[in-house]
Peer 1: 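Can you keep this structure in mind? I'll have questions shortly.
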Amino acid sequence: GGSHGEVPAGPAEADSAGSAALPGSTGGVRDGMAEIEIGGRRRQFNALLVPDLAPGAWVLTHTGLVLSEITEQDAEAINALLREGMEVGA
C-alpha cells in the first residue's frame with residue numbers, strides 16, 4: 001500500500017504522527033482559511049467545515065482540513081495519546 005491521496009502535515013508531523021488527526025490552536029481566520037499552530041509550526045488549513053471558527057479556538061485537523069472545534073482539554077488529551085503512541089512505536 002501507498003499513501004495515495006494523503007497530504008502530509010509537514011516533515012515533523014508527517015514523520016511522528018503519520019495520518020493521525022492532530023489538534024491545534026487557531027490564529028487568524030480569513031476567506032475560509034485558518035492559520036493553525038500545531039506543535040509550534042503554523043500552517044494554513046481549509047476551515048469551511050467549521051464556518052464559525054474564531055481565533056483562539058482549539059481544533060482537530062487532518063490532511064489540510066479543520067474537521068471540528070474541540071476543547072483545550074481534548075487537545076491536551078489527544079496530544080498525550082499521540083506521545084504515548086510514539087513512545088510505544090519507537
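Just so it is clear, the structure is predicted and the values come from calculations on it, not from any experiment.
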Peer 1: Is any side-chain heavy atom of Met33 closer than 4.5 Å to a side-chain heavy atom of Asn46?
Peer 2: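 The answer is yes; the side chains approach within 4.5 Å.
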
Peer 1: Are any of the side-chain heavy atoms of Val66 and Thr26 separated by less than 4.5 Å?
Peer 2: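 No, side chains not in contact.
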
Peer 1: Write down the atom of His62, the atom of Ala20, and the distance for their closest heavy-atom approach.
Peer 2: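 Nearest pair, atom of His62 first, then Ala20: ND1-O, 3.6 Å.
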
Peer 1: As an exercise, state the distance from CG of Leu65 to CG of Leu48, rounded to the nearest 0.5 Å.
Peer 2: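 It comes to 9.0 Å.
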
Peer 1: Heavy atoms only: give me the nearest Leu53-Ala47 pair and the separation to one decimal.
Peer 2: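 Heavy atoms of Leu53 and Ala47 come nearest at CD2-CB, 3.9 Å.
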
Peer 1: Which heavy-atom pair separates Ala54 from Val29 by the least distance, and what is that distance?
Peer 2: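 Heavy atoms only, the tightest pair is C-CG2, 4.4 Å.
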
Peer 1: Applying side-chain contact (heavy atoms from CB on, under 4.5 Å), run through Trp58 and Ile78 and close with a yes or a no.
Peer 2: CA-CA 12 Å; Trp58 285 89; Ile78 293 165; over 6 Å; no

Peer 1: What are the two closest heavy atoms between Leu82 and Pro23, and how far apart are they?
Peer 2: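 So the minimum-distance heavy-atom pair works out to CD1-CD, 4.4 Å.
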
Peer 1: Can you find a pair of side-chain heavy atoms, one from Leu60 and one from Asp74, that are under 4.5 Å apart?
Peer 2: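 Side-chain contact under 4.5 Å: no.
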
Peer 1: Please find the pair of heavy atoms, one from Phe45 and one from Ile38, that lie closest to each other, and give the distance.
Peer 2: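 Reported closest heavy-atom pair: CZ-CD1, 3.7 Å.
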
Peer 1: Please name the residue in the list Arg43, Arg42, Arg30, Arg41 that meets the salt bridge (Lys or Arg N to Asp or Glu O under 4.0 Å) test with Glu35.
Peer 2: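 With Glu35 as partner, salt bridge (Lys or Arg N to Asp or Glu O under 4.0 Å) holds for just one option, Arg42.
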
Peer 1: Please name all residues satisfying salt bridge (Lys or Arg N to Asp or Glu O under 4.0 Å) with Glu76, sequence neighbours left out, ordered by chain then number.
Peer 2: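 Scan of Glu76 (salt bridge (Lys or Arg N to Asp or Glu O under 4.0 Å), adjacent residues dropped) gives none.
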
